[in-house]
Amino acid sequence: MNMDELQKIIDDIRAEVREQIAQLGSLEELKQFEARITGKKGRLGELLSSIGKVAKEQRAALGGLLNSAKQEVQSGIDEMRERLQQAEHHAEQQADVGLDLTLPGRVLRPGGVHPVTAVQWEVEAIFERLGFTIEAGPELESDHYNFEALNIPAWHPARDMQDTFWLTNGYLLRTHTSPVQVRSMEKFGPPLRCIVPGRCFRYETIDASHENTFFQCEGLMIDRGISVANLIAVMKLLLREVFHRDVRIRLRPGYFPFVEPGFELDMNCAICNGSGCPTCKRSGWVEIMPCGMVHPNVLRHGGIDPAEWTGFAFGLGLTRLAMMKYGISDIRVMNSGDLRGLQPYERLGSFAL
Ligand code: DAH
């Protein structure tokens, strides 16, 4: 064997080592691999022991070549050993804490828009086109804005209609979005067109149709000569846009201290199309929106002269509207931390945008 032949054999072994070493998966495999290459009976090992048979004058040179090749291969093997040791140690630690790396991962679902948010955005877009601004008010409200300024004095029995979460300092969690009516009157003065989507709270026992936390969207339009006709026109337009078809409505007298006259606005039940079903209690109609002409006392509280200005207001139940629009029959899925209840509607929600 001459130097060139040996060099070629060594190069082959090097190439083989490079290719195979990275694929070793355990210390046991590495051990076997090492025996095949550098062990006594391994390829380099055998070459080294055959050095004795080479002519004396070539021995030193060939031996040097082989030894440096062996060192190089050995350090590659040592490095791999360290890596495999670390990996096995890591796996042992994870096994100790009960981690099963063979379990399939959880599928990450893309997020979606909550049905109430989807309906809210839709309602906002409709009213923005009509020149309404979008206002907001505090969820922690004073007695004045939540009740007094809305013509509901402390002695008024209407306070009982809205079971209230009171704070110990006289403040409360707003029971409706109506307080922002007077706040907006004070802020902007007449003429005024605004809506107020927002979260409201009532001291309710939760069941399929009652929640202690829900969303409303207040609406307010004040100008000279505003009448019930304007109210009906705007309500019809809103429902047509939301349900993408003409919706039949009816007005019944309704009592709210802050409007006079006050109405309950019903729409043809979207679930049964008016023929009668459990959702509409077989009447064919569902209450969707209390509304009315702003009471002169409320205008006065907002600093507006009722002799010159009139207005209408409505309190759209956003949560209720979302349930109607998406056919959600149990209100509890809306606020539940268990997102599985909302998943069927999330896609609809984002689709509607
Ligand atoms: N704030 C009332 C409630 O939550 C709903 C309401 C009724 C709002 C009549 C209005 C309205 O603006 O005109 O029960």
Side-chain angles (χ1 to χ4, degrees), residues 1-118 121 333-353:
M1 182 162 39
N2 62 29
M3 288 290 271
D4 285 347
E5 282 167 353
L6 183 63
Q7 186 65 56
K8 173 136 193 336
I9 295 172
I10 288 174
D11 285 347
D12 284 351
I13 295 175
R14 268 213 200 98
E16 198 182 315
V17 167
R18 216 178 300 128
E19 191 188 302
Q20 290 182 9
I21 199 162
Q23 286 163 24
L24 298 175
S26 68
L27 286 169
E28 186 51 38
E29 279 175 35
L30 182 73
K31 202 165 130 194
Q32 289 167 12
F33 178 76
E34 193 174 11
R36 281 203 307 277
I37 306 293
T38 53
K40 273 213 173 69
K41 294 251 161 67
R43 302 188 51 189
L44 279 173
E46 280 193 331
L47 277 174
L48 269 166
S49 45
S50 64
I51 279 272
K53 295 178 202 146
V54 176
K56 234 189 189 157
E57 50 279 13
Q58 285 193 355
R59 231 176 258 169
L62 290 178
L65 198 60
L66 265 175
N67 270 324
S68 71
K70 188 179 169 195
Q71 261 171 25
E72 187 194 329
V73 168
Q74 191 62 50
S75 77
I77 287 174
D78 290 346
E79 196 182 302
M80 193 63 192
R81 177 179 298 111
E82 208 163 297
R83 245 193 269 173
L84 287 170
Q85 269 166 352
Q86 271 177 12
E88 289 193 4
H89 179 61
H90 196 59
E92 273 168 26
Q93 275 182 332
Q94 285 179 331
D96 278 351
V97 294
L99 203 65
D100 181 354
L101 293 176
T102 63
L103 277 179
R106 290 213 182 109
V107 178
L108 280 183
R109 291 179 341 100
V113 172
H114 193 286
V116 171
T117 309
W121 287 352
V333 303
M334 294 297 201
N335 291 348
S336 168
D338 185 346
L339 294 179
R340 286 171 302 181
L342 277 178
Q343 270 166 23
Y345 312 111
E346 257 179 12
R347 253 181 311 129
L348 284 173
S350 27
F351 177 70
L353 296 180

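Numbering of residues begins at 1 and proceeds along the displayed sequence.
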Side-chain ion pair, D12 and K8, N-O less than 4.0 Å:
yes
Out of curiosity, [X] [atom1] to [Y] [atom2], how far, rounded to the nearest 0.5 Å?
| X | Y | atom1 | atom2 | value |
| --- | --- | --- | --- | --- |
| E29 | L84 | CD | CG | 8.5 Å |
| L342 | N335 | CG | CG | 9.0 Å |
| I10 | L66 | CD1 | CG | 4.5 Å |
| Q23 | M80 | CD | CE | 9.5 Å |
| I51 | L6 | CD1 | CG | 6.5 Å |
| L62 | L48 | CG | CG | 10.5 Å |

Of all the heavy-atom pairs spanning V17 and F33, show the shortest one and how long it is.
CA-CZ, 3.9 Å
Partners meeting side chain to side chain donor-acceptor pair (under 3.5 Å) with E16 (sequence neighbours left out):
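By the side chain to side chain donor-acceptor pair (under 3.5 Å) rule, E16 matches R43.
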Can you list everything that forms a side chain to side chain donor-acceptor pair (under 3.5 Å) with E46? Sequence neighbours excluded, please.
none
Take D11 and Q7 through the test side-chain hydrogen bond (donor to acceptor under 3.5 Å, both in side chains) and record every step on the way to the result.
CA-CA 6 Å; D11 285 347; Q7 186 65 56; 3.2 Å; yes
What pairs of residues pass the salt bridge (charged side-chain N to carboxylate O under 4.0 Å, His left out) test when at least one of them lies in residues 76-93, not counting sequence neighbours?
E34-R81, D78-R81, E79-R83
Beyond-backbone contact of L24 with Q20, side-chain heavy atoms, under 4.5 angstrom
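No - every pair of side-chain heavy atoms lies 4.5 Å or more apart.
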